[in-house]
Amino acid sequence: MIDPKLLRQSAADVAANLARRGYVFDADKYLALEEQRKAIQVETQQLQSERNASSKRIGQAKAQGEDIAPLLAAVEDIGARLSKSESTLQELQAAIAAVEFDLPNLLDDSVPEGRDEDSNVEVRSWGDPATGAFSARDHIDLGERLGMIDFEAASRISGSRFTVMKGSLARLHRALIQFMLDTHTLEHGYEETYVPYLVHAHALVGTGQLPKFEEDLFKTTGETPFYLIPTAEVPITNLVRDSLLEADQLPLKFTAHTPCFRSEAGSYGQDTRGMIRQHQFEKVELVHFVAADESAAALEALTGHAEIVLQKLELPYRVVALCAGDVGFGATKTYDIEVWLPGQQKYREISSCSNYNDFQARRMKARRRNPDTGKPELIHTLNGSGVAAGRALIAVMENYQNEDGSIRVPAVLQPYMGGLELIV
RNA sequence: GGAGAGAUGGCUGAGUGGUCGAAAGCGCUCCCCUGCUAAGGGAGUAAGGGCUAAUACCCCUUCGAGGGUUCGAAUCCCUCUCUCUCCGCCA
């Protein structure tokens, strides 16, 4: 959520910033609502003040055994006026909140202009996309030849966008997860966490998936539904909701491996083959909680931590700065890491690292005490994949394939594979 | 699933209809005393919002959330969420 004070005081500036995303913020309409809210709120508070004063008087009179009947008569009509005023105020506040919850985050000044991914800017690249002696197979071909990926079985069980893996490939997938978790906890200073995969709506409101993107989520039935997490970002980031942290408790860095569940509504026809885009996939997530003036540097560090994973796996990748139209709803700035997939002859997203500034913190009421002023202030939150395990598996398969369809095990994964060097 | 208890400020924890935004303790800040690897004394210390040039006043709201009763609710009633205890079931 954007600071409501900023919205009021600089609505036009906010609208201009959001216009870079292609989002239309009707500042005039918002300010008109705000003006009404202000008038009603002043009136409401005036009435509350009157009521409080008379109630106090009644209490005192009663304590002294005086007759309170005339005092009661005097406040008779306040109740009705107040409740009418209060309900009007509530409606206005709800209308304003609806606008505010729909607003994406302000973009960082450094975000490149552009409407879609074609305008994303490559920041750096690492490794050389192999131009091998033979034409590379894609992971589907490789997996099925090995008899270790079974999309048919998956669809018999759960329909499309699910995968069954077997044998060494299933183990390689698990090895990737262990390797990533170990790298981040042992070398990058993250604390490992185990978190719920089913969460309540308020957690998703905190991170920004709700109320706007409900159709992307799986939801349980029942009066109080649970939602399946679309990313570990949701439970990890909500670790600090409703809290006031002391200055010396920051920065905090957490990681977790979780499955992620996405309905992929609206992505019909995209990546329908293979395991690029699934309803269920595994991911190792990285989350930072930092003081406001540290988030820009934290984004660079976090992105670097995800890159190290690919470097250790010796997978070619590039880092792109997402353009204005491509930055996600709650982020102020995002780097995507795209790994080279020989089977597609393309770079494909394998990690997305974002700075949310105080956008999520405001929704979650996550604060720290400023050591200089002694006052609470919102913290900044960041998250990124470090990295998506399913796609990392695809990348390893396609980049480490031999002409005969066998797959070499990356050196850093061999200890997690019982020393296995080749999958045949 | 059954029975019961509970949710209060940064933390612990009192408080069952009116000078309670809330005792006490801890923590923190400042001052004093003491000169020593410690301690003692005093004062202050919730958050969010409105108004405002203001981090000054003043006002409003908030004691898990949402409703209700009342002139007045942390205190009474209802619903929900969460936590704990016992029983049952269970990976």
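Throughout, a chain's letter reflects where its sequence line sits, starting with A, and its residues are numbered from 1.
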- Are A:Arg368 and A:Glu377 ion-paired here, with the side-chain N under 4.0 Å from a carboxylate O? yes
- Query: When you compare B:G48 with B:U55, how far apart are their C1' atoms, in angstrom units rounded to a whole number?
  - Reply: 16 Å
- Salt bridge present between A:Glu113 and A:Arg20 (N-O < 4.0 angstrom): yes
- First of A:Gln90 and A:Gly79 reached from the 5' end of RNA chain B, by closest nucleotide: A:Gln90
- If the C1' atom of B:U79 is compared with that of B:G25, how far apart are they to the nearest Å? 36 Å
- Task: Would you kindly say whether A:Tyr335 and A:Asn355 are connected by a side-chain donor-acceptor distance under 3.5 Å?
- Result: no
- Expressed in angstrom and rounded to an integer, what is the separation of A:Gln249 atom CD from B:C28 atom P? 13 Å
- Message: What is the distance, to the nearest angstrom, from the CD1 atom on A:Ile58 to the P atom on B:U70?
- Response: 14 Å
- Message: Before you tell me yes or no, could you show the steps for A:Thr381 and A:Met364 under side chain to side chain contact (heavy atoms under 4.5 Å, CB included), namely the whole-Å CA-CA distance, both residues' side-chain angles and the distance that decides it to 0.1 Å?
- Response: CA-CA 11 Å; A:Thr381 61; A:Met364 292 190 301; 4.2 Å; yes
- Item | Name of the residue among A:Thr258, A:Ile177, A:Leu176 meeting side-chain contact (heavy atoms from CB on, under 4.5 Å) with A:Val284 | A:Ile177
- Message: Say we look at B:C51 and B:U61: how far apart would their C1' atoms be, to the nearest angstrom?
- Response: 15 Å
- Note: contacts of residues 26-46 of chain A with RNA chain B (heavy atom, under 4.0 Å) are A:Arg37, A:Lys38, A:Gln41, A:Val42, A:Gln45
- Message: Taking only the C1' atom of each, what is the distance from B:C63 to B:A47 in whole angstrom?
- Response: 12 Å
- Query: Would the A:Phe218 and A:His279 ring centres measure less than 6.0 Å apart?
  - Reply: yes
- Under-4.0 Å salt bridge between A:Glu35 and A:Lys38: no
- Message: Using a 4.0 Å heavy-atom cut-off, does A:Gln93 contact any base of the nucleic acid, only the sugar-phosphate backbone, or nothing at all?
- Response: nothing
- Atom-pair distance (CD on A:Glu246; P on B:U29), nearest Å: 10 Å
- Could you state the CG-P distance from A:Leu72 to B:G17, rounded to the nearest angstrom? 19 Å
- Query: Quick one: is A:Asn52 getting a side-chain N or O under 4.0 Å of the B:G72 phosphate, OP1 or OP2?
  - Reply: no
- Task: Please state the C1' separation for the pair B:U8 and B:C82 - nearest whole angstrom.
- Result: 15 Å
- Select base, sugar-phosphate, or nothing to describe what A:Leu244 touches, counting heavy atoms under 4.0 Å on all strands. sugar-phosphate
- Task: Stems involving RNA chain B: give each as a range paired with a range, ordered by first number, where a stem means at least three consecutive Watson-Crick or G-U wobble pairs under 3.5 Å.
- Result: B:1-7 with B:81-87, B:10-12 with B:24-26, B:27-32 with B:40-45, B:46-50 with B:58-62, B:64-68 with B:76-80
- Query: Picking from A:Arg273, A:Glu144, A:Gln344, A:Glu398, what satisfies side chain to side chain donor-acceptor pair (under 3.5 Å) with A:His139?
  - Reply: A:Glu398
- Message: Could you tell me how far B:C20 sits from B:C78 if I compare only their C1' atoms? Round to whole Å.
- Response: 25 Å
- In plain terms, say whether A:Arg277 and A:Glu264 are close enough for a salt bridge, that is, a side-chain N and a carboxylate O under 4.0 Å apart. yes
- Message: I'd like to know if the side chain of A:Glu214 pairs up with that of A:Gln209 as donor and acceptor (distance under 3.5 Å, no hydrogens or angles considered).
- Response: no
- Figure out the CD/P separation between A:Gln48 and B:A73, and round it to whole Å. 11 Å
- Polar contact flag, side-chain donor to acceptor under 3.5 angstrom, A:Gln360-A:Glu233: yes
- Between B:U62 atom P and A:Leu89 atom CG, what is the distance in whole Å? 13 Å
- Separation between the P atoms of B:A22 and B:G6, rounded to whole Å: 25 Å
- Taking the six-membered ring for Trp and the single ring otherwise, decide whether the centroids of A:Phe359 and A:Phe329 are under 6.0 Å apart. yes
- Message: Suppose you measure atom P in B:U81 against the same atom in B:A23; what distance do you get, rounded to whole Å?
- Response: 33 Å
- Task: Give a yes/no on whether any side-chain N or O of A:His200 is located under 4.0 angstrom from OP1 or OP2 of B:C82.
- Result: yes
- Item | Between C1' of B:G48 and CG of A:Asp3, the distance in whole Å | 13 Å
- Task: Indicate the ring-plane relationship of A:His188 and A:Tyr190, choosing parallel, tilted or perpendicular according to the 30° and 60° boundaries.
- Result: perpendicular
- Message: Check the phosphate of B:G50 against A:Arg8, side-chain N and O only, distance under 4.0 Å to OP1 or OP2. Yes or no?
- Response: yes
- RNA chain B-proximal residues of residues 362-378 of chain A, any heavy atom under 4.0 Å: A:Arg367, A:Arg369, A:Pro376
- Are OP1 or OP2 of B:C60 and a side-chain N or O of A:Ser49 less than 4.0 angstrom apart? yes
- Task: Find the distance A:Met1:CE to B:G48:C1' and express it as a whole number of Å.
- Result: 13 Å
